[in-house]
Structure formats: structure tokens, C-alpha cells
Colleague: 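Dumping the structure here so I can ask a few things about it.
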Amino acid sequence: MMIFVIMTMLCLISIPLMYHLFEKKGLKILFLLFYMLAYIFTLKNIKILNIDFSLMIIPYVSLLSILYIANQKISAKDIKKNLHINILFILTIIILLIILFLYNQSVTDLTTANLNKLVESNIVSLILFPIVTVISLYGTYKLYNFMKKSSNILFINISLTTIIIGIIDCILFTVLANIGNFNIVSSVKLGLGNYLMKIILSLVFIPIISYVVNRKKGI
């Protein structure tokens with residue numbers, strides 16, 4: 001519980017802080033940092049109030065919050081350019097994982113051996129996560145822009161986008177990623193937990209998104 005609260009508070013504070021200090025560059029750096037944290041914490045599941053979910057959902061919602069801010073503050077051309085850069089970054093991560101998996105460590109290299117076991121036991125999740133997040137980021141961007149055409153209410157646009165896209169990046173991803181580790185019931189339960197926490201955290205982040213979006217300092 002304490003880890004969840006601390007991580008959430010740090011993510012909430014870091015977005016307006018980085019924007020205030022470094023503007024556009026600060027949000028780009030934070031986006032990549034949140035992505036790496038989400039990728040790492042994909043392997044860490046916790047339970048709060050009898051709800052099972054992955055700890056990655058906190059930095060993941062945080063990077064989506066930056067995407068919403070960028071949607072308001074940055075031109076569509078720049079957003080697409082940044083998304084292409086992020087896709088290359090994600091592909092690089094996948095390639096490095098494959099290289100690590102193929103690397104034959106020495107007998108005394110216990111660190112690499114243990115890391116290889118960790119990667120091997122979670123290989124489906126580690127490969128699916130970058131693919132699903134690319135689909136999710138693109139889907140979030142397109143759907144949010146579609147919502148904006150009929151409503152200027154930030155709360156409604158973010159809530160509906162989260163509910164719809166969450167079916168893909170929370171429920172579907174979690175079930176597919178954990179087929180080899182858990183039974184179908186446990187996988188669905190974990191996916192629903194991720195879905196619920198994504199919705200809750202997205203609502204929590206809306207005031208921060210609104211604050212940064214409405215700041216007069218542009219990027």
C-alpha cells in the first residue's frame with residue numbers, strides 16, 4: 001500500500017514540476033522514464049483492498065497523462081514525430097532483450113543467469129508489452145481527438161478514452177501475457193484489476209492534466 005501511494009504521489013508531482021522546469025523537453029524525458037518504469041514493473045503484481053493489479057499501471061497512466069497534455073500543447077505533426085521516436089526506442093528495447101536472451105554467460109556469471117531466467121519466465125509479457133503499448137498509445141491519441149470533436153469536457157474525454165482503450169491494454173494484454181503463468185481465471189482477475197486501477201488513476205490525474213494544459217506558458 002505504501003509503495004503504491006508513494007509512487008502515485010511522485011508521478012503526480014513530477015509532471016507539473018518537469019513541465020515548469022524544462023517545458024517540452026521535460027515532458028519528453030518524463031515520458032521515456034515512465035515507459036521504462038512501466039516496462040520494469042510489468043513483472044510486479046500487488047494486492048490492495050483485495051484487488052490484484054500490476055504496479056506498472058501507475059507509470060503507465062502517468063505517460064498517458066503526458067500524451068493528453070501533449071495533445072493540447074503540441075502540434076499533431078510534432079506528436080507523430082515523437083511517437084515515431086518512441087516506437088524506435090521500444091524496438092531497441094526488444095532487440096536488447098533478444099540479445100540478452102541469446103547471450104551465453106559463463107558458469108560464474110550468476111547475475112546474468114538469474115536475469116536470463118527472469119526474462120525466460122516472462123518472455124511473453126516482455127514481448128507483448130511494447131507491442132500493446134504502441135497500439136494503445138496510437139489508439140488513445142486517435143480516440144481522444146475523436147472525442148474532442150463532440151465534447152470539450154476534459155473529464156468526459158479522458159474517462160471514455162480510458163474505458164475503451166483499457167479493454168486492450170489492460171484486460172486483453174494481461175490475459176494473453178499470463179496464460180503460461182496463471183490459469184485463465186487468475187489472468188482475467190488480474191486484467192480486471194489493472195482495468196479498474198487504470199480508470200481510478202486516470203481520474204486522479206485529470207486535475208494535474210488540466211492544470212498543465214491551462215498554464216499560460218506554452219511549449
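All of these numbers come straight from a predicted model, not from anything done at the bench. Along the sequence shown, the residues carry numbers beginning at 1.
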Colleague: Side chain to side chain contact (heavy atoms under 4.5 Å, CB included) between Leu137 and Leu63: does it pass, once the steps are laid out?
Modeller: CA-CA 9 Å; Leu137 288 171; Leu63 70 88; 3.6 Å; yes
Colleague: Please indicate whether Ile3 has more than 12 foreign heavy atoms, meaning atoms of other residues, nucleotides or ligands, lying under 6.0 Å from its CD1.
Modeller: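 It does not: Ile3 CD1 has 12 such atoms or fewer within range.
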Colleague: Tell me whether Ile163 at atom CD1 has more than 12 heavy atoms from other residues, nucleotides or ligands lying less than 6.0 Å away.
Modeller: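 Yes, enclosed.
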Colleague: Got Val175 and Ile184 here, is their nearest side-chain heavy-atom distance under 4.5 Å?
Modeller: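 Side chain of Val175 against side chain of Ile184, heavy atoms only: contact under 4.5 Å found.
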Colleague: Do Ile156 and Val213 sit in one hydrophobic cluster, given that two such residues count as connected whenever their side-chain heavy atoms are within less than 4.5 Å of each other, even indirectly?
Modeller: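 Linked within one cluster.
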Colleague: Does Leu201 share a hydrophobic cluster with Ile13, counting links as ILVMFWY side-chain heavy atoms below 4.5 Å and allowing steps through other members?
Modeller: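 No, separate clusters.
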Colleague: Are the side chains of Lys28 and Glu23 in contact, using a 4.5 Å heavy-atom criterion?
Modeller: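 No, side chains not in contact.
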Colleague: Around atom CG of Asn152, are there more than 12 heavy atoms of other residues, nucleotides or ligands at under 6.0 Å?
Modeller: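 Open: at most 12 neighbouring heavy atoms sit under 6.0 Å from CG of Asn152.
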Colleague: Quick one: does Asn194's side chain have a donor or acceptor within less than 3.5 Å of a partner on Ser54's backbone?
Modeller: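 Confirmed, Asn194 side chain pairs with Ser54 backbone.
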Colleague: Should Ile131 and Ile40 be counted in the same cluster of Ile, Leu, Val, Met, Phe, Trp and Tyr side chains packed under 4.5 Å apart?
Modeller: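 Result: no, two separate clusters.
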Colleague: Would you give the length of the straight line joining atom CG of Leu33 to atom OG of Ser62, rounded to the nearest 0.5 angstrom?
Modeller: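 Reported to 0.5 Å precision, the distance equals 9.5 Å.
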Colleague: Mind listing the closest non-hydrogen atom pair of Thr161 and Asn157 along with its distance?
Modeller: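 Heavy atoms only, the tightest pair is OG1-O, 2.7 Å.
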Colleague: Are any non-hydrogen side-chain atoms of Asn50 and Lys47 less than 4.5 angstrom apart?
Modeller: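 A side-chain contact exists here, since the closest heavy-atom pair is under 4.5 Å.
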Colleague: Are Asp169 and Ser136 close enough that a side-chain donor and a side-chain acceptor fall under 3.5 Å?
Modeller: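 Present: a donor and an acceptor within the cut-off.
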Colleague: Between Leu154 and Ile206, what is the shortest heavy-atom contact and its length?
Modeller: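 Heavy atoms of Leu154 and Ile206 come nearest at CD2-O, 4.1 Å.
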Colleague: Looking at every heavy atom in both Lys198 and Cys170, which two are closest together, and how far apart are they?
Modeller: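 Reported closest heavy-atom pair: CD-SG, 3.6 Å.
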Colleague: Rounded to the nearest 0.5 Å, what separates atom OH in Tyr144 from atom CD1 in Ile165?
Modeller: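 Here the rounded value is 13.5 Å.
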Colleague: For a 4.5 angstrom cut-off between non-hydrogen side-chain atoms, does Phe155 reach Leu203?
Modeller: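 Yes, side chains in contact.
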Colleague: Which distance, rounded to the nearest 0.5 Å, do you find between the OH of Tyr211 and the NE2 of His20?
Modeller: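 Atom-to-atom, Tyr211:OH and His20:NE2 are 7.5 Å apart.
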Colleague: Looking at Leu67 and Tyr141, what are the two nearest heavy atoms and their distance?
Modeller: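 In this case the closest contact between Leu67 and Tyr141 is CD2-N, 4.2 Å.
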Colleague: Check Phe129, Tyr60, Phe41 against Tyr35 for a ring-ring contact (aromatic ring centres under 6.0 Å, His included) and give me the one that passes.
Modeller: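 So, applying the ring-ring contact (aromatic ring centres under 6.0 Å, His included) to Tyr35 and each of Phe129, Tyr60, Phe41, only Phe129 qualifies.
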Colleague: Given Met197 and Val61, is the side chain to side chain contact (heavy atoms under 4.5 Å, CB included) satisfied, shown in steps?
Modeller: CA-CA 9 Å; Met197 292 309 301; Val61 170; over 6 Å; no
Colleague: Determine whether a donor-acceptor pair (N or O, by modelled atom type, separation under 3.5 Å) exists between the side chain of Thr133 and the backbone of Pro130.
Modeller: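 Side chain of Thr133 to backbone of Pro130, a donor-acceptor pair under 3.5 Å: yes, one is there.
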Colleague: Out of curiosity, does Leu37 fall in the hydrophobic cluster containing Ile6 (side-chain heavy atoms, cut-off under 4.5 Å, transitive links)?
Modeller: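 As far as the 4.5 Å side-chain criterion goes, Leu37 and Ile6 are not connected within one cluster.
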Colleague: Test your reading of the model: is there a side-chain donor-acceptor pair from Ser151 to the backbone of Met147, 3.5 Å cut-off?
Modeller: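 Between the backbone of Met147 and the side chain of Ser151 there is no qualifying donor-acceptor contact (under 3.5 Å).
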Colleague: Testing Leu192, Thr174, Ile200, Ile48 for side-chain contact (heavy atoms from CB on, under 4.5 Å) with Phe53, which one passes?
Modeller: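 Exactly one option meets the side-chain contact (heavy atoms from CB on, under 4.5 Å) with Phe53, and it is Ile48.
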Colleague: If two hydrophobic side chains count as joined below 4.5 Å and joins carry through other members, does Met36 share a cluster with Ile66?
Modeller: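 In one cluster with Met36: Ile66, yes.
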Colleague: Looking at Thr42 and Ser125, what are the two nearest heavy atoms and their distance?
Modeller: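 Heavy atoms only, the tightest pair is CG2-OG, 3.2 Å.
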Colleague: Between NZ of Lys189 and CD1 of Ile171, what distance do you get to the nearest 0.5 Å?
Modeller: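 One gets 15.0 Å once the value is rounded to the nearest 0.5 Å.
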Colleague: To the closest 0.5 Å, what do you measure between CD1 (Ile46) and CE (Met56)?
Modeller: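 Here the interatomic distance stands at 11.5 Å.
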Colleague: Does the side chain to side chain contact (heavy atoms under 4.5 Å, CB included) test come out yes or no for Phe34 and Ser14, once each step is laid out?
Modeller: CA-CA 10 Å; Phe34 284 150; Ser14 64; 3.4 Å; yes
Colleague: Whether the Asn145 and Asn71 side chains hold a donor-acceptor pair (N or O, under 3.5 Å, no angle test) is what I'd like checked.
Modeller: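 The criterion, which ignores hydrogens and geometry beyond distance, is satisfied for Asn71 and Asn145.
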Colleague: Would you please test Met9 and Leu12 for side chain to side chain contact (heavy atoms under 4.5 Å, CB included) and show each step?
Modeller: CA-CA 5 Å; Met9 291 303 298; Leu12 282 168; 4.3 Å; yes
Colleague: Would a 4.5 Å heavy-atom cut-off, applied to side chains only, mark Ser186 and Leu190 as touching?
Modeller: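 Not touching, per the 4.5 Å side-chain cut-off.
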Colleague: Centroid-to-centroid, Tyr195 to Phe173, below 6.0 Å?
Modeller: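 No, ring centres 6.0 Å or more apart.
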Colleague: Evaluate the side-chain proximity of Ile69 to Leu27: yes if any heavy-atom separation is below 4.5 Å, no if none is.
Modeller: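 Touching, per the 4.5 Å side-chain cut-off.
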